[in-house]
Amino acid sequence: MTAAAAPRARFRPPAVPQVDVGGFWGGRVDAVASRTADILYQRCVEAGMLDQIDPERPSPGVRIPFHIRDESAASTVTTQMFWDSDLGKTIETAAYCLYRRANPELEAKIDAVIDMYARLQQPDGYLSSWYQRIQPGQRWTNLRDCHELYCAGHLIEGAVAYYQATGKSRLLDIMARYADHIGAVFGPEDGKRKGYCGHEEVELALVKLARATGQQKYLDLAKYFIDQRGQQPHYFDGEAQARGADPRHFHFKTYEYNQSHKPVREQDKVVGHAVRAMYLYSGMADIATEYGDDGLRAALDRLWADLNGKRLYVTGGLGPSLANEGFTADYDLPNETAYAETCAAVGLVFWSSRMLGMGPNARFADAMELALYNGSISGLSLDGSLFFYENPLESRGKHNRWKWHRCPCCPPNVGRMVAAIGSYMYGVADDAIAVHLYGDNTARLEVAGRQVRLTQESRYPWEGAVAIAVDVDRPTRFTLHLRIPGWCRKAALSVNGKAVDLASVTADGYAAIAREWAKGDRVRLDLDMPVERVRAHPEVRQDVGRIALMRGPLVYCLEGADNPISLNRVRVPEQAPFESRFEPELLGGVVTLSAKAEADGTADWTDTLYRREPTKAEAMPIKAVPYFAWDNREPGEMLVWLRGA
């Protein structure tokens, strides 16, 4: 007989109140707390969302027109259907911000919204403002299109956050009742519906609810939704027929759009709507972690390889197409027309962080960091007041942030992610702590039955020096896993001033230090941050002969504000050295990259459009700024992929 394999350690994220962040992320959280959270609430009010959820007000009716589909009017959709999700994310953002800084006025407003949901909830636990106030009597008739369970998921996440941040459990109790109702309607048992949502989200939310309440039934329900997806006979076919519609008239033509084209364990291509895909894979990763499900892990590894090998922008953005808000073909990564929805990059952060639940692995943490610092927070202005829905990698100056959107999913999504950044920095197992992200913060964690306090001091991402102080009441044995980023080619590690041989302790990109830790122990990690030229796969036709600039985790771009020339005329010689310089007065304080480049001259072209003589090169100094900070000054050109020379 062979010995049974040891159970895999499960690394769960800390709750947001367990980690206080400063430095780079502290400034971003403060912007969300001081401006974004209030803006989100006010814009929800202005849209009329409270009129829909408050049962004491007259029904507002349909305020946002239906989108015309191929089916009958009864099967069309409107973004108003998922207003509950916008409010759920707004509540979640507000919760984390209330922990960060007191805001009695905002807290009172959120409490009033929760009161409205309490009054709206039906005796059986059902809760959907759309199906109770706008289309009563049609609950659970169109899971494919109408976001019913998606809305439940975001309200659940808001409830967990509000409980953890404020200690108030009313919304948590409301949503637990709703989750119990959902569990009574859906499941493998006889007499229950065999459905799942057309827009994934409830799966990962139920895992959060299970962890917050300790109730296994919510994990089991999340697992059911994962397992049932894509099974035959296809639920969405039968559902459409039941409401008198032809399943073939699905507007997006294929169930790849919502990743229900085949059971999840059989999937190997990242397809369809990008946000839906990221939320599904997040839920799959949570279930793989909680149940030790190697079948799900194998599918996730295949999907991960497909995304990162063929379908991901250098910024961590994803989903190039407006038509399906998602994926097209391998290596199809246009720059100027990139959709790269903010929510999709936020979703990649979610998926990456959950893959780390199965153990420290730098390929997942590197992707999480890439999406965090680039493709996601580019969607939020530095002052927290304006937003991007799409995040292109090239602009002629007409792509600018807006105050709101007819589909306002991105503002609260990036807001809640930034406000919750502390929970992404660490993973905690029974006898180990993994440090996934670096920067000023203090974490209060429990490991090996003891309280452990870790204090990071660092100017990351501008500098690669990280100091970590360990504080424990009594000596405690555990393993501290420290990520060595994939972008770092030279690193040094020491404990209490004694150098550690990285090669001997590093696996999967994490240095594992197993020892008995004592109060006052100090860890020092130094990560070299040279400027790197990044090149795309030759099949990415838009980037052939071009380079992108990175320093540490940051992708850089040229902006017209710093480079008064048509940016596509710029060429960067292969040997041109770059100077890195911190400019405290620029864009809130950023490291810029400067170099002596070349530009195609135009002075001798006069009125000629075409000619046979080669273009003369002119010396041209250039300055690049972090991609996340673009469009925070006057409108102008922007370019990530620069011509090489």
Side-chain angles (χ1 to χ4, degrees), residues 13-14 16 18-31 100 349 353 356 360 362 365-366 368-374 377 418 420-428 433-445 452-471 480-500 502 506 509-513 517 520-532 550-556 580-584 587-593 626 628-629:
V16 170
Q18 291 179 259
V19 185
D20 298 328
V21 297
F24 177 90
W25 284 110
R28 299 313 301 259
V29 176
D30 285 338
R100 178 77 175 186
V349 173
S353 68
L356 292 166
D366 287 349
M368 176 173 68
E369 183 179 66
L370 179 72
L372 268 171
Y373 278 101
N374 303 287
I377 61 171
V418 169
I421 187 63
S423 67
Y424 301 103
M425 291 182 162
Y426 297 92
V428 184
I433 297 173
V435 184
H436 302 312
L437 300 171
Y438 299 113
D440 266 7
N441 70 80
T442 298
R444 295 168 295 278
L445 310 171
V452 177
R453 182 185 180 100
L454 298 181
T455 301
Q456 285 194 48
E457 295 179 0
S458 178
R459 294 193 68 248
Y460 197 93
W462 312 124
E463 296 178 5
V466 181
I468 303 177
V470 180
D471 186 1
L480 184 64
H481 297 269
L482 301 168
R483 179 173 68 100
I484 310 301
W487 50 258
C488 180
R489 305 189 187 202
K490 181 181 178 182
L493 176 65
S494 65
V495 177
N496 295 331
K498 183 177 180 180
V500 175
L502 275 174
T506 300
Y510 277 74
I513 308 173
W517 296 90
D521 282 343
R522 291 187 64 83
V523 177
R524 171 83 182 200
L525 179 64
D526 288 286
L527 305 170
D528 197 27
M529 282 189 173
V531 179
E532 299 275 9
M550 291 192 70
R551 181 178 182 272
L554 299 177
V555 175
Y556 279 73
S580 304
R581 184 163 66 95
F582 185 72
E583 298 192 38
L587 297 167
V590 297
V591 168
T592 61
L593 309 180
F628 75 78

Interatomic spacing from [atom1] in [X] to [atom2] in [Y] - rounded to 0.5 Å:
{"X": "Thr442", "Y": "Arg453", "atom1": "OG1", "atom2": "CZ", "answer": "5.0 Å"}
{"X": "Leu527", "Y": "Glu463", "atom1": "CG", "atom2": "CD", "answer": "12.0 Å"}
{"X": "Leu587", "Y": "Thr592", "atom1": "CG", "atom2": "OG1", "answer": "9.5 Å"}
{"X": "Tyr460", "Y": "Leu525", "atom1": "OH", "atom2": "CG", "answer": "9.5 Å"}

Closer than 3.5 angstrom, by distance alone: can the side chain of [X] be matched with the main-chain N or O of [Y] as a donor-acceptor pair?
{"X": "Asp20", "Y": "Asn441", "value": "no"}
{"X": "Arg551", "Y": "Trp462", "value": "yes"}
{"X": "Tyr438", "Y": "Arg483", "value": "yes"}
{"X": "Ser458", "Y": "Ala465", "value": "yes"}
{"X": "Gln456", "Y": "Leu437", "value": "yes"}
{"X": "Gln18", "Y": "Arg444", "value": "yes"}

- Task: Check step by step if side-chain contact (heavy atoms from CB on, under 4.5 Å) holds for Val531 and Met550.
- Result: CA-CA 6 Å; Val531 179; Met550 291 192 70; over 6 Å; no
If I compare all heavy atoms of [X] with all of [Y], which pair ends up nearest, and what's the gap?
{"X": "Cys488", "Y": "Ala491", "result": "SG-CB, 4.0 Å"}
{"X": "Val21", "Y": "Gly422", "result": "CG1-CA, 4.0 Å"}
{"X": "Pro485", "Y": "Asp366", "result": "CA-OD1, 3.6 Å"}
{"X": "Val29", "Y": "Val418", "result": "CG2-O, 3.3 Å"}
{"X": "Pro13", "Y": "Ser423", "result": "CB-O, 3.3 Å"}
{"X": "Leu370", "Y": "Pro553", "result": "CD1-O, 4.5 Å"}

- Mind running side-chain contact (heavy atoms from CB on, under 4.5 Å) on Val19 and Tyr426 for me, showing each step along the way? CA-CA 9 Å; Val19 185; Tyr426 297 92; 4.2 Å; yes
- Item | Partner of Tyr373 by ring-ring contact (aromatic ring centres under 6.0 Å, His included), out of Trp25, Phe628, Trp487, Tyr556 |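 The passing option is Trp25.
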- Item | side-chain contact (heavy atoms from CB on, under 4.5 Å) between Thr455 and Ile468, intermediate numbers included | CA-CA 5 Å; Thr455 301; Ile468 303 177; over 6 Å; no
Decide yes or no for [X] and [Y]: does some side-chain heavy atom of the first lie under 4.5 Å from some side-chain heavy atom of the second?
{"X": "Leu493", "Y": "Thr506", "value": "no"}
{"X": "Val523", "Y": "Val500", "value": "no"}
{"X": "Leu356", "Y": "Tyr510", "value": "yes"}

- Salt bridge check: are Asp528 and Arg489 linked by an N-O gap of less than 4.0 Å?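 Salt bridge absent between Asp528 and Arg489.
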- Message: Using the side-chain contact (heavy atoms from CB on, under 4.5 Å) definition, which of the options Val452, Asp471, Ile433, Val495 pairs with Trp517?
- Response: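 Testing Trp517 for a side-chain contact (heavy atoms from CB on, under 4.5 Å) against Val452, Asp471, Ile433, Val495 leaves exactly one candidate, Val495.
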